[in-house]
Amino acid sequence: MQKKLKLWDATMLVMGSMIGSGIFIVSADMMRNLGSGYWMIVVWMITGIMTVAAAISYGELSALFPKAGGQYTYLTEIFGKKMGFLYGWGLFTVIQTGTIAAVAMAFGKFTAYLVPSLNDAAPIFQSGEFQITWIQILAIAIILLLTYINTRGVESGKILQNVFTGSKILALLGLIAAGFIFVDFSHLAENFSFGTNAFNNTDKDATGNFLKIGWESIDGMTLMGGIAAAMVGSVFSSVAWESVTFVSGEIENPKKNVVKAMILGTSAVMLLYIAVNFVYLNAIDRDSIAFAANDRVAVAASQNIFGSAGTVIIAVLVMVSTFGCNNGLILAGARVFQTMAKDGLFFKSAIDNNKNDVPSNALWMQGVWASVLCLSGQYGNLLDMISFGIVLFYMITVFGVIYLRIKQPNLERPYKTWLYPVTPIIYLIIGTVFCLLLLIYKQQYTWPGFLIVLLGLPVYYIINRKKTTDS
């Protein structure tokens with residue numbers, strides 16, 4: 001593959017793939033689970049430490065295996081084809097395509113702020129609870145448009161990524177500055193007045209609306225469960241940074257630039273996320289964060305900062321953010337499916353590059369399946385369920401750094417994990433606690449997604465049996 005991506009492009013891909021719609025909405029659920037500005041910031045800091053620790057650890061593997069496929073390649077090289085396939089299966093069925101669908105739907109929903117007729121229009125098709133709306137059609141159109149742009153060559157995708165990622169970083173910096181300059185009354189002291197006390201308020205009425213009264217004090221293991229539940233949102237907002245490893249084969253000097261891009265990108269995004277949450281805590285009170293309409297915390301805060309224009313400002317920002325995010329996800333994901341095809345674990349037609357030297361067939365397969373998930377309306381549920389699986393695969397990959405150090409200590413390592421073994425162990429401890437707490441307190445986030453991944457096992461055996469028969 002041609003080396004068309006420089007360090008700047010790779011860093012923009014990391015940041016652009018991470019910053020989607022999550023930072024604008026997940027803080028509402030986090031506040032309902034914890035009821036304290038102190039704990040909300042603590043959870044974002046834990047997620048930041050966890051994310052950067054993983055990126056630092058992945059750096060060693062990216063330098064050892066500087067080729068397309070990234071995390072799929074690492075898992076395959078270290079633990080064998082079966083583990084690599086299970087990751088790739090999860091990536092295609094839900095992780096990458098489900099994220100693309102969810103981000104495209106967020107683009108559609110915030111577009112409907114600016115074009116109310118999208119919200120008001122009758123469904124195109126409805127049968128019971130299943131329906132197809134114009135917002136879903138817009139989301140699919142965005143996926144197909146970005147897929148087409150990326151089939152025109154990596155240069156096209158790169159330019160789009162840099163422009164939109166740069167725009168949303170500047171917009172977020174502007175929001176952070178405005179959030180402290182233009183707010184008439186600061187709620188920061190009020191939101192931190194609870195100190196280390198935590199509260200929970202997730203009860204709903206008969207119609208499914210959250211009850212705005214009845215905050216209950218929580219501590220001990222109940223607090224730990226609240227932290228785990230809150231982390232589902234912060235972790236979801238902080239994934240996809242590994243997308244840069246998928247395109248290692250197209251990055252200049254990948255042994256150095258991939259790890260630099262991951263560490264610079266994840267560190268910058270996590271600092272932005274923490275700063276944005278300070279803006280929320282400064283601009284609005286606890287109830288306004290926890291019970292923001294449709295969880296749109298950024299809209300509620302922006303109305304306090306910019307007045308009636310706040311809704312439009314945030315709608316445009318989210319549209320720019322989600323458009324750029326999806327471009328990064330679409331650009332990177334197809335490279336994994338192409339690598340799997342070369343290993344005989346995906347459709348053969350995904351192997352070929354088109355005249356623009358990009359895997360156009362893999363891009364269209366990814367785009368079509370993401371569009372199907374948009375139509376199904378189940379992308380959000382699937383993503384909630386797969387968060388557990390995403391962290392498990394992160395943990396397995398980070399453990400791979402330690403495993404290789406023990407099994408093959410004499411391997412030439414162009415980059416060695418900073419503060420090894422402390423850094424990977426920090427990630428493994430936080431990840432293990434997170435997964436265990438979800439298993440105990442929030443099982444709806446665990447078993448369904450884990451089963452989706454395990455469904456890949458019979459598929460793997462069927463593919464290998466067919467390969468044996470053919471040979």
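Note that the numbering runs from 1 along the sequence shown for the chain.
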Quick check: does any side chain N or O of [X] sit under 3.5 Å from a backbone N or O of [Y], one acting as donor and the other as acceptor?
X: Asn356; Y: Val358; value: no
X: Asp295; Y: Val26; value: no
X: Thr97; Y: Ala370; value: no
X: Arg296; Y: Ala292; value: no
X: Asn150; Y: Leu145; value: no
X: Thr266; Y: Ala55; value: no
X: Ser248; Y: Thr245; value: yes
X: Arg32; Y: Ala290; value: yes
X: Ser243; Y: Ala240; value: yes
X: Ser57; Y: Val398; value: no

Heavy-atom closest contact ([X] atom, [Y] atom, distance):
X: Val336; Y: Gly69; answer: CG2-O, 3.9 Å
X: Ala332; Y: Val247; answer: CA-CG1, 3.9 Å
X: Ala139; Y: Met105; answer: CB-SD, 3.7 Å
X: Ile135; Y: Ala112; answer: CD1-CB, 4.0 Å
X: Ile305; Y: Gly179; answer: CD1-CA, 3.6 Å
X: Tyr441; Y: Thr222; answer: OH-N, 4.2 Å

*List the steps and the verdict of salt bridge (Lys or Arg N to Asp or Glu O under 4.0 Å) for Glu252 and Lys6.*
CA-CA 5 Å; Glu252 284 184 359; Lys6 302 182 187 301; 3.0 Å; yes
Whether [X] and [Y] hold their rings parallel, tilted or perpendicular, with breakpoints at 30° and 60°:
X: Tyr113; Y: Phe110; value: tilted
X: Trp241; Y: Tyr394; value: parallel
X: Phe323; Y: Phe107; value: tilted

Can you tell me how far [atom2] of [Y] sits from [atom1] of [X], rounded to the nearest 0.5 angstrom?
X: Ser321; Y: Ile23; atom1: OG; atom2: CD1; answer: 9.5 Å
X: Trp215; Y: Phe194; atom1: CH2; atom2: CZ; answer: 8.0 Å
X: Ser167; Y: Leu172; atom1: OG; atom2: CG; answer: 11.0 Å
X: Thr322; Y: Ile100; atom1: OG1; atom2: CD1; answer: 13.0 Å
X: Lys109; Y: Asn294; atom1: NZ; atom2: CG; answer: 8.0 Å
X: Leu436; Y: Met224; atom1: CG; atom2: CE; answer: 10.0 Å

*Among Thr432, Leu437, Leu438, whose side chain to side chain contact (heavy atoms under 4.5 Å, CB included) with Phe434 holds?*
Leu438
Heavy-atom distance under 4.5 Å between the side chains of [X] and [Y], does that happen here?
X: Cys435; Y: Val391; answer: yes
X: Ile426; Y: Thr423; answer: no
X: Ile284; Y: Val297; answer: yes
X: Phe393; Y: Leu75; answer: yes
X: Leu223; Y: Leu34; answer: yes
X: Leu317; Y: Phe24; answer: yes
X: Ile41; Y: Leu281; answer: yes
X: Met30; Y: Val43; answer: yes

*Is there any salt bridge (charged side-chain N to carboxylate O under 4.0 Å, His left out) pair reaching into residues 138-158, and which pairs are they, with sequence neighbours excluded?*
Asp9-Lys158, Glu155-Lys158
Would you tell me whether [X] and [Y] have side-chain atoms, one donor and one acceptor, within less than 3.5 Å of each other?
X: Thr151; Y: Ser360; value: no
X: Ser288; Y: Asp285; value: yes
X: Gln71; Y: Tyr87; value: yes
X: Asn200; Y: Glu216; value: no

*Carefully, step by step, assess Asn361 and Asn354 under the rule side-chain contact (heavy atoms from CB on, under 4.5 Å).*
CA-CA 8 Å; Asn361 290 340; Asn354 65 7; over 6 Å; no
*asked:* Between Arg286 and Glu190, does the salt bridge (Lys or Arg N to Asp or Glu O under 4.0 Å) criterion hold? Intermediate values first, please.
replied: CA-CA 8 Å; Arg286 178 173 72 173; Glu190 173 192 343; over 6 Å; no
_Name of the residue among Trp44, Phe278, Phe236 meeting ring pair (Phe, Tyr, Trp, His ring centres under 6.0 Å) with Tyr273_ = Trp44
_Atom CZ of Phe192: over 12 foreign heavy atoms under 6.0 Å_ = yes
_CZ (Phe291) with more than 12 external heavy atoms under 6.0 Å_ = yes
*Give the intermediate values and the outcome of side-chain contact (heavy atoms from CB on, under 4.5 Å) for residues Gln96 and Thr99.*
CA-CA 5 Å; Gln96 197 78 0; Thr99 305; 5.9 Å; no
*Begin with the C-alpha distance, continue with both residues' side-chain angles, and end with the deciding distance and a verdict on side-chain hydrogen bond (donor to acceptor under 3.5 Å, both in side chains) for Gln303 and Thr311.*
CA-CA 6 Å; Gln303 285 172 330; Thr311 300; 2.8 Å; yes
_For Phe346 and Phe92, I'd like to know if the aromatic rings sit close, meaning centre-to-centre distance below 6.0 Å._
yes
